[in-house]
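Report on one structure; see the data block that follows.
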Amino acid sequence: MSIDSLFDKKDVRKAFSQAVSSYDAMATLQRTAGKDLLKHERIEELTGTVLDIGCGTGFLTGELLNLLACQQLITLDLAYPMIKATREKYSTVTNLHYLCADTEWLPLADNSIDRVFSNLALQWCQNLSGVFTEIKRILKPNGLLVFSTFGCQTLQELKQSWASVDDFSHVNEFYNAEQMGGYLKAVGYQEIVITEKVYTSHYDSVMALMRELKGIGAHNVMAGRNHNMTGKSKMQAMINYYERLQVNNRIPATFEVINVSCKNKESSYL
């Protein structure tokens with residue numbers, strides 16, 4: 001079974017809808033990753049109609065508005081409360097448009113978008129190959145796709161700690177860079193550039209990490225997870241295992257971020 005088929009889209013929508021009020025206060029890594037993503041691109045070349053997929057509460061949207069001379073910027077998110085929060089932030093911006101939609105079924109015309117950006121959002125899609133096909137459909141010839149996504153090393157300490165307790169899936173699974181490149185090549189993208197960066201965050205406790213994950217909507221949404229409440233004894237056993245990794249009384253958490261840029265050199269949708 002592929003990783004794509006394991007994500008429960010209804011739970012993804014619910015998780016991010018519920019996280020809208022706490023997201024900005026806790027999404028430090030998302031902001032850092034978004035800024036790093038934009039450092040790699042030739043911003044002066046990025047004009048026309050731009051799409052921000054998985055806009056969340058609008059951080060990358062704001063960065064794109066500041067950096068790009070785009071005629072139109074479209075923000076898209078699966079969770080309506082996130083779109084609503086972004087719209088409230090940028091209510092005076094006239095060339096900004098809002099879509100609450102599924103990335104696997106983009107309500108946009110063929111060859112209508114010059115550039116697509118996405119910051120730590122595509123990993124929540126069920127059908128990654130289908131997503132890349134949809135994005136290619138809407139991109140103009142020579143259109144650029146730029147995105148970041150979590151890699152398979154993400155939360156490896158938490159995965160290891162839960163694995164010491166039971167065999168259920170407690171932590172989301174993600175693709176590695178090689179798999180990501182394979183999907184893109186199969187769909188027909190060219191000039192694919194992939195880089196990886198590992199961020200390590202530190203927390204006062206395991207529960208502080210888990211509260212942050214829930215606060216940004218990134219807690220476990222795998223379809224194969226245990227839907228029953230985890231018992232206190234198992235939870236404590238996991239925490240005890242994780243605490244062995246403490247450094248200066250703080251626990252580490254690894255986040256691997258894969259940055260990708262690629263082009264739709266030719267379009268079959270003309």
Side-chain angles (χ1 to χ4, degrees), residues 1-16 18-19 22-34 36 54 56 119-126 128 148-180 196-259:
M1 184 180 292
S2 70
I3 293 173
D4 294 339
S5 63
L6 291 176
F7 283 110
D8 188 320
K9 189 176 297 185
K10 290 185 294 184
D11 282 355
V12 172
R13 181 188 291 110
K14 180 180 178 181
F16 284 99
Q18 292 176 337
S22 56
Y23 190 88
D24 283 345
M26 295 185 172
T28 302
L29 173 66
Q30 282 70 16
R31 290 190 291 272
T32 300
D36 287 347
N119 181 45
L120 296 180
L122 296 186
Q123 68 269 3
W124 307 118
C125 296
Q126 284 184 324
L128 200 55
S148 62
T149 185
F150 284 127
C152 60
Q153 296 182 56
T154 297
L155 296 173
Q156 60 186 7
E157 299 90 353
L158 187 58
K159 292 177 188 176
Q160 179 183 350
S161 299
W162 273 121
S164 72
V165 174
D166 62 31
D167 296 326
F168 286 111
S169 173
H170 291 273
V171 184
N172 298 312
E173 297 288 342
F174 305 112
Y175 287 106
N176 61 37
E178 183 178 358
Q179 291 169 319
M180 196 69 58
E196 300 162 78
K197 185 171 182 178
V198 174
Y199 302 82
T200 303
S201 300
H202 293 85
Y203 300 85
D204 291 333
S205 67
V206 178
M207 295 308 297
L209 165 62
M210 296 179 73
R211 282 194 296 270
E212 179 177 293
L213 294 176
K214 185 174 183 179
I216 60 173
H219 52 294
N220 189 14
V221 290
M222 299 291 282
R225 69 195 185 281
N226 182 8
H227 287 268
N228 297 320
M229 185 176 293
T230 302
K232 290 183 179 179
S233 60
K234 282 191 175 183
M235 177 69 76
Q236 190 58 54
M238 181 277 289
I239 291 172
N240 291 343
Y241 189 97
Y242 203 147
E243 287 179 344
R244 299 177 189 176
L245 305 176
Q246 282 184 351
V247 178
N248 296 325
N249 294 318
R250 306 193 80 203
I251 61 146
T254 296
F255 295 89
E256 180 190 12
V257 176
I258 301 171
N259 290 327

Distance col, row K232:NZ vs I239:CD1, nearest 0.5 angstrom, shows 11.5 Å

Does the plane of the ring in W124 sit parallel, tilted or perpendicular to the ring in F174? Use 30° and 60° as the thresholds.
perpendicular

So L122 and Y175, do their side chains get closer than 4.5 Å, heavy atoms only? no

S164 meets the side chain to side chain contact (heavy atoms under 4.5 Å, CB included) criterion, sequence neighbours left out, with Y241

message: Could you tell me if the side chain of Y199 sits less than 4.5 Å from the side chain of D36, heavy atoms only?
response: yes

Smallest heavy-atom separation, A121 atom then G54 atom, equals CB-CA, 3.7 Å

Note: N176 and C152 closest approach over all heavy atoms is CB-SG, 3.7 Å

When every non-hydrogen atom of A33 is compared with those of L120, the smallest separation belongs to CB-CD1, 3.8 Å

For E157, the side chain to side chain donor-acceptor pair (under 3.5 Å) test, sequence neighbours excluded, returns T254

Sequence neighbours excluded, the answer for side chain to side chain donor-acceptor pair (under 3.5 Å) partners of T149 is Q123

Sorted by chain and number, sequence neighbours left out, side chain to side chain donor-acceptor pair (under 3.5 Å) with N240 holds for Q236

N259 and S148 have their tightest heavy-atom pair at OD1-CB, 3.2 Å

CD (E256) and CD (Q156) are apart, to the nearest 0.5 Å, by 8.5 Å

Side chain to side chain contact (heavy atoms under 4.5 Å, CB included) filter on A208, not counting sequence neighbours, yields Y203, S205, R211

*asked:* Go through it in stages, so that I can follow the logic: the residues are D166 and M238, the test is side chain to side chain contact (heavy atoms under 4.5 Å, CB included), and I'd like the CA-CA distance, side-chain angles, deciding distance and then a yes or no.
replied: CA-CA 9 Å; D166 62 31; M238 181 277 289; over 6 Å; no

Fill in: Any L128 side-chain heavy atom under 4.5 Å of M180 side chain
yes

Residue pairs meeting side-chain hydrogen bond (donor to acceptor under 3.5 Å, both in side chains), one or both in residues 242-252, sequence neighbours left out, come to D204-R250

inquiry  = Is there a side-chain contact between L155 and L209 in this structure, where contact means two heavy atoms from C-beta onward sitting under 4.5 Å apart?
reply    = yes

Value for CZ (F150) from CG (L29), rounded to nearest 0.5 Å, stands at 5.0 Å

With sequence neighbours left out, the residues meeting side chain to side chain donor-acceptor pair (under 3.5 Å) with T154 are none

